[in-house]
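Step one of this worksheet: look at the structure below.
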Amino acid sequence: MNVDTSDLALIGELTDAETDLFRLAAQTLLSRSFILRGTDKGDTLWDFSIRNIRLLDAWFACAGVQLKRDEMLGVIALRPGPSMRARLGKEETCALLVARLLFEEKRAELSLSRFPSIRVFDFVQRYRAVIGSDLKKTRLVDILRSFGRWHLVDTDGEAADPETAVILYPSLALALDQNAVDEILAAVEKERQGEPAIEDAGQLEDEE
């Protein structure tokens with residue numbers, strides 16, 4: 001990875017308030033993997049991060065970590081090396097796939113809200129249709145909470161309630177690109193035909 005260390009000098013040009021925002025941006029990416037435009041109190045951090053993306057790129061690159069951004073979707077994503085990523089189990093990988101598919105469907109619909117949303121019931125139904133098996137309620141709650149910590153989704157209520165809204169964040173599109181979606185769908189199809197195929201296929205950045 002090529003690092004332009006001269007960009008690190010930009011940190012000396014930050015005001016005290018901007019230094020606090022820089023610290024918050026770094027902490028958010030390390031703990032939640034994504035910075036999103038349009039979330040509560042998120043626009044200030046997003047605007048700062050985009051204005052100072054060269055500094056953030058250089059700072060993270062020194063640790064062997066890349067940043068990926070999509071300004072159309074409004075997402076800045078952490079992309080560390082494999083050793084720093086958290087492996088997802090089979091059910092989590094499948095749930096991430098389902099959330100990604102739902103996001104792509106819902107984002108095309110006209111809506112007054114900033115982010116598309118579905119009900120927990122809809123998520124469970126789609127999981128059954130795509131994966132061919134049911135997701136137990138306790139696992140569903142755990143997975144939605146985990147995805148919430150990674151800033152992939154949010155829930156507007158109790159995750160165990162079928163009527164609770166699940167907000168789908170555009171970070172889902174960066175967490176699983178189209179190649180990964182195609183690979184997991186192919187593995188799901190093999191499993192549905194009786195051929196074990198899905199192991200710990202997915203990866204997300206470690207929260208540590």
Residues two or more places apart in sequence or in another chain: which of them pass ring pair (Phe, Tyr, Trp, His ring centres under 6.0 Å) with Phe48?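 Ring pair (Phe, Tyr, Trp, His ring centres under 6.0 Å) check on Phe48 returns nothing, list empty.
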
Test Leu56 against Ser49 for side-chain contact (heavy atoms from CB on, under 4.5 Å), laying out the working first. CA-CA 7 Å; Leu56 285 166; Ser49 299; 3.7 Å; yes

Is a side-chain N or O of [X] found less than 3.5 angstrom from the main chain of [Y], in a donor-acceptor match?
X      : Y     : result
Arg79  : Leu67 : no
Arg37  : Leu45 : no
Asp43  : Gly38 : yes
Ser171 : Phe34 : no

Show the nearest heavy-atom pair for residues [X] and [Y], with the distance to one decimal.
X      : Y      : answer
Asp7   : Ala58  : CB-CB, 3.8 Å
Phe103 : Ala173 : CE2-CB, 4.3 Å
Thr155 : Thr164 : CB-CG2, 4.1 Å
Phe123 : Ala95  : CZ-O, 3.6 Å
Thr39  : Leu36  : OG1-O, 3.6 Å

Whether [Y] and [X] form a salt bridge (side-chain N of Lys/Arg under 4.0 Å from carboxylate O of Asp/Glu) is what I want to check.
X      : Y      : value
Arg23  : Glu18  : no
Asp57  : Arg54  : no
Arg107 : Glu105 : no
Glu191 : Lys90  : yes

Any side-chain donor-acceptor pair under 3.5 Å between Asn179 and Glu183? no

Criterion side-chain contact (heavy atoms from CB on, under 4.5 Å) on Arg32 and Trp150, from CA distance to verdict: CA-CA 4 Å; Arg32 307 197 73 177; Trp150 278 315; over 6 Å; no

Interatomic spacing from [atom1] in [X] to [atom2] in [Y] - rounded to 0.5 Å:
X      : Y      : atom1 : atom2 : value
Leu174 : Arg100 : CG    : CZ    : 8.5 Å
Trp46  : Arg51  : CH2   : CZ    : 12.5 Å
Asn52  : Phe22  : CG    : CZ    : 8.5 Å
Leu97  : Ile184 : CG    : CD1   : 5.5 Å
Phe60  : Ile76  : CZ    : CD1   : 10.0 Å
Leu176 : Glu104 : CG    : CD    : 10.5 Å

Kindly list each side-chain donor-acceptor pair under 3.5 angstrom involving residues 131-145, sequence neighbours excluded, with atom names and distances?
from: Asp134; atom 1: OD1; to: Arg128; atom 2: NE; distance (Å): 2.4
from: Asp134; atom 1: OD1; to: Arg128; atom 2: NH2; distance (Å): 2.9
from: Arg139; atom 1: NE; to: Glu91; atom 2: OE1; distance (Å): 2.7

Compare all side-chain heavy atoms of [X] with those of [Y] and state whether any distance is below 4.5 angstrom.
X      : Y      : value
Val166 : Arg119 : no
Leu168 : Phe115 : no
Asp161 : Val120 : no
Val124 : Pro162 : no

Leu172/Leu96 under side-chain contact (heavy atoms from CB on, under 4.5 Å): CA gap, chis, key distance, verdict: CA-CA 8 Å; Leu172 288 163; Leu96 182 59; 3.7 Å; yes

Among the clusters formed by ILVMFWY side chains lying less than 4.5 Å apart, do Leu185 and Leu102 turn up in the same one? yes

Under a single-linkage definition using a 4.5 Å side-chain heavy-atom cutoff for Ile, Leu, Val, Met, Phe, Trp and Tyr, are Ile11 and Ile50 assigned to the same hydrophobic cluster?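 Ile11 clusters together with Ile50.
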
Please name the residue in the list Leu29, Ile35, Thr28 that meets the side chain to side chain contact (heavy atoms under 4.5 Å, CB included) test with Leu78.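 Exactly one option meets the side chain to side chain contact (heavy atoms under 4.5 Å, CB included) with Leu78, and it is Leu29.
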
For side-chain contact (heavy atoms from CB on, under 4.5 Å), just list the numbers for Leu30 and Gln27, CA-CA rounded to whole Å, side-chain angles, deciding distance to a tenth of an Å, and then say yes or no. CA-CA 5 Å; Leu30 287 170; Gln27 290 173 347; 5.8 Å; no

Does Glu158 have more than 12 heavy atoms from other residues, nucleotides or ligands lying within 6.0 Å of its CD?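 Atom CD in Glu158 is not crowded, with 12 or fewer foreign heavy atoms closer than 6.0 Å.
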
